[in-house]
Trainee: 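Sharing a structure here in structure tokens format.
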Amino acid sequence: TPELVTKTFQTIWQVRGESAGLEVVVTPCDRSTEELAELVKAGRRIGYLPEQSMTQENRPLFAKMFPRLGSHSVQEGNSVTNEANRFGWFDYEAGVDAPYLDTTEDQVRKRIATDGRLEMNVSEYIVAGEDSKLFTGKFLDQGNTWARLLGSRRDGEVVLANFDSDGYLHVDWDLIPRYHNPYLGGRSVGVKKA
């Protein structure tokens with residue numbers, strides 16, 4: 001139920017916030033019981049990204065919450081930008097392995113658009129990856145796949161990311177847009193339309 005989801009994420013973000021010296025307010029879940037059930041059926045999971053940690057400049061807060069991340073993308077002065085800064089409730093593909101495998105950058109972009117979804121950024125990916133570990137025992141793309149995150153760039157290039165089993169976050173950016181292989185996919189997010 002939306003109430004249970006809200007209460008669960010309020011507890012999760014209270015603990016995460018305390019580790020970074022933040023008081024995080026989680027707004028009531030914006031999905032109905034039926035919409036939450038549809039997400040599960042579609043292989044998606046709901047997540048919450050606080051406003052205080054949605055931007056490139058705020059991403060170092062994640063290094064305090066999740067010290068194992070280690071990535072340049074969560075350090076002060078990092079150079080991994082977000083194409084859009086969203087906060088609040090979002091949904092993402094719950095599978096540990098990335099969807100949209102064996103696709104080029106353009107193919108991922110077209111498929112995400114065709115699916116009526118948005119391009120995931122690094123901030124959303126961190127939250128989704130940590131939630132995945134919390135709920136399933138595995139991080140997103142843990143050792144098997146890489147995900148292009150079309151919603152983030154470094155030096156003008158789309159980044160790709162994955163997690164090690166110990167929680168280390170890899171964020172790379174030197175991939176040729178037309179490159180594809182069976183272990184390279186992409187990730188997307190969905191937000192409730194107003």
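The analysis underlying the following values was restricted to heavy atoms, covering all of them including side chains, and did not include hydrogens, waters or symmetry mates.
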Trainee: Rounded to the nearest 0.5 Å, what separation is found between the CG atom of Leu160 and the NE2 atom of His170?
Mentor: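 Rounded to the nearest 0.5 Å, the CG-NE2 separation comes to 11.0 Å.
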
Trainee: Any chance the side chains of Arg178 and Thr104 put a donor and an acceptor closer than 3.5 Å?
Mentor: no

Trainee: Would you give the length of the straight line joining atom CZ of Phe62 to atom CG of Leu169, rounded to the nearest 0.5 angstrom?
Mentor: 10.5 Å

Trainee: Is a donor from one side chain sitting under 3.5 angstrom from an acceptor on the other, for Asn78 and His72?
Mentor: no

Trainee: Regarding Arg109 and Glu105, does a basic nitrogen lie under 4.0 Å from an acidic carboxylate oxygen?
Mentor: yes

Trainee: Can you tell me how far apart OG (Ser132) and CG (Leu140) are? Round to the nearest 0.5 Å.
Mentor: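 That separation rounds to 4.5 Å.
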
Trainee: Quick one: closest heavy-atom pair of Asp30 and Glu35, and the distance?
Mentor: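 Heavy atoms only, the tightest pair is O-OE1, 4.0 Å.
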
Trainee: Do Asn82 and Ser152 have a side chain donor and acceptor closer than 3.5 Å?
Mentor: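 Distance-only check passes for Asn82 and Ser152.
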
Trainee: Can you name the closest pair of heavy atoms from Gly190 and Arg31 and give their distance?
Mentor: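 For Gly190 and Arg31, the tightest heavy-atom pair comes out as O-NH2, 3.3 Å.
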
Trainee: Please tell me whether Phe163 and Tyr125 form a close aromatic pair, meaning their ring centres lie under 6.0 Å apart.
Mentor: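 Yes, the ring of Phe163 comes within the 6.0 Å limit of the ring of Tyr125, centre to centre.
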
Trainee: Between Asp141 and Arg187, is the salt bridge (charged side-chain N to carboxylate O under 4.0 Å, His left out) condition met? List the steps.
Mentor: CA-CA 10 Å; Asp141 306 303; Arg187 290 205 177 258; 3.0 Å; yes

Trainee: Given Ser188, which of Val108, Ile112, Asp91, Leu150 fulfils the side chain to side chain contact (heavy atoms under 4.5 Å, CB included) condition?
Mentor: Ile112

Trainee: What is the minimum heavy-atom distance between Thr81 and Gln56, and which atoms define it?
Mentor: CG2-OE1, 3.3 Å

